[in-house]
Amino acid sequence: MWFEKDADGRPLRPEAYRTLCLATVTTHDLPPTAGYLEHVHVDLRHELGLLTRDLDEEVEFDRQEQAEMLEVLRQRGLLRAEGDEEATIEALHKYLAWTPALLRGISVSDLAGDTRIINQPGTDEEYPNWRLPLAGHDGTPLLLDDLVTSPWARRLARCVR
């Protein structure tokens with residue numbers, strides 16, 4: 001979703017998504033949505049020396065990208081409160097529920113409320129790619145059996161109904 005733009009560079013309207021696509025808020029190459037909103041990917045890339053711009057410049061660019069999408073959510077009536085992370089994540093998933101995409105996905109990490117990056121592209125020894133156990137928002141490991149009862153999972157399940 002973060003990379004889908006219209007001809008003017010604005011976030012793509014959900015009605016403009018293709019029918020034959022997989023629509024998701026995040027992917028395996030991005031942090032879970034809670035982490036993305038907290039810019040954990042920028043922090044990690046800075047720590048690993050992967051940024052091509054100054055850290056402050058990169059964070060500002062990231063904030064602007066997110067602000068454009070959050071403004072669209074407000075315009076569509078999906079988001080009212082500023083700074084409510086759970087409401088923002090729910091609104092992002094509801095936005096995709098309005099697409100004609102035949103496939104829509106929700107990351108297991110989003111269902112858990114995890115913020116940690118699962119995969120940092122371009123690294124194999126510098127970061128524990130694919131080796132982090134699933135965890136809740138507080139970083140506590142979460143069993144798959146407990147995932148279905150997590151408050152994040154219950155909240156996001158309402159988005160796809």
*So do the side chains of Leu92 and Thr88 get within less than 4.5 Å of each other, counting heavy atoms only?*
yes
*State yes or no: do Ile117 and Leu55 share one hydrophobic cluster built from I, L, V, M, F, W and Y residues joined by side-chain heavy-atom distances below 4.5 Å, directly or via other members?*
no
*Going hydrophobic residue to hydrophobic residue with side-chain gaps under 4.5 angstrom, can you get from Phe3 over to Val40?*
no
_If we ignore hydrogens and angles and just use 3.5 Å, is the side chain of Asn119 paired with the main-chain N or O of Asn129 as donor and acceptor?_
no
*Can you check side-chain contact (heavy atoms from CB on, under 4.5 Å) on His93 and Asp110, steps first, answer last?*
CA-CA 10 Å; His93 284 87; Asp110 278 0; 3.3 Å; yes
*Distance from Asp56 atom CG to Arg63 atom CZ, nearest 0.5 Å?*
9.0 Å
*Give the intermediate values and the outcome of salt bridge (Lys or Arg N to Asp or Glu O under 4.0 Å) for residues Glu65 and Lys5.*
CA-CA 11 Å; Glu65 287 279 306; Lys5 305 286 184 183; 3.3 Å; yes
*Compare every heavy atom of Thr26 with every heavy atom of Ser107, then report the nearest pair and how far apart it is.*
CB-CG2, 3.6 Å
*Glu86 bridged to Arg155 by N-O distance under 4.0 Å*: yes
*So, for Trp2 and Tyr36, is the gap between ring centers shorter than 6.0 Å?*
yes
*asked:* Please find the pair of heavy atoms, one from Leu134 and one from Ala112, that lie closest to each other, and give the distance.
replied: CD1-CB, 3.8 Å
*At what distance, to the nearest 0.5 angstrom, does OG of Ser109 lie from CG of Leu30?*
11.5 Å
*Say whether, by atom type as modelled, one donor and one acceptor occur between the side chain of Glu126 and the main chain of Asp124 under 3.5 angstrom.*
yes
*State, yes or no, whether a side-chain contact exists between Pro100 and Thr19 at a heavy-atom distance under 4.5 Å.*
yes
*Would you mind reporting whether His41 and Asp62 have side-chain heavy atoms less than 4.5 Å apart?*
yes
*For the residue pair Gly136 and Leu142, what are the closest heavy atoms and their distance?*
N-CB, 4.1 Å
*Would you check if the side chain of Asp8 reaches a backbone N or O of Arg10 as a donor-acceptor pair within less than 3.5 Å?*
no
*asked:* Quick one, Thr33 and Trp152 - any side-chain contact, counting heavy atoms below 4.5 Å?
replied: no
*asked:* Would Arg76 and Tyr95 count as a cation-pi pair here, with the cationic atom under 6.0 angstrom from the ring centre and within 45° of the axis?
replied: no
*Side chain Arg80, main chain Arg74, donor-acceptor under 3.5 Å*: no
*Taking all non-hydrogen atoms of both residues into account, name the closest pair between Ala23 and Ala101 and its distance.*
CB-CB, 3.8 Å
*Over all heavy atoms of both residues, which pair between His137 and Gly113 is shortest? Give the atoms and the distance, please.*
ND1-O, 2.8 Å
*Is any side-chain heavy atom of Arg116 closer than 4.5 Å to a side-chain heavy atom of Pro133?*
yes
*Atom OG1 of Thr115 and atom CG of Asp138: how far apart are they, to the nearest 0.5 Å?*
9.5 Å
*When you look at Gln64 and Glu60, which way does the side-chain hydrogen bond (donor to acceptor under 3.5 Å, both in side chains) test go after all the steps?*
CA-CA 6 Å; Gln64 288 176 0; Glu60 184 55 32; 3.3 Å; yes
*Say you draw a straight line from CG of Asp145 to CG of Leu147; how long is it, rounded to the nearest 0.5 Å?*
9.5 Å
*Do the side chains of Trp98 and Leu20 join up, straight or via other hydrophobic residues, at under 4.5 Å, putting them in one cluster?*
no
*Taking every non-hydrogen atom, the tightest pair across Arg104 and Ala97*: NE-CA, 3.7 Å
_Would a single hydrophobic cluster contain both Leu79 and Leu37, if residues Ile, Leu, Val, Met, Phe, Trp and Tyr are joined by side-chain heavy-atom contacts under 4.5 Å?_
yes
*Heavy-atom check, side chain of Leu50 versus side chain of Thr123, under 4.5 Å*: yes
_Tell me whether Tyr17 shares a hydrophobic cluster with Ile106, the cluster being built from Ile, Leu, Val, Met, Phe, Trp, Tyr side chains joined at under 4.5 Å._
yes
*Do Thr24 and Met1 come within less than 4.5 Å of each other through their side chains, counting heavy atoms only?*
no
*Side-chain touch His39/Gln66, heavy atoms, less than 4.5 angstrom*: yes
_Once rounded to the nearest 0.5 Å, what's the spacing between atom OG1 of Thr99 and atom CG of Leu12?_
9.5 Å
*Would you call Arg131 and Glu125 a salt bridge, using N to O less than 4.0 angstrom?*
no
_How long is the straight-line distance from CD of Glu47 back to OH of Tyr127, given to the nearest 0.5 Å?_
9.0 Å
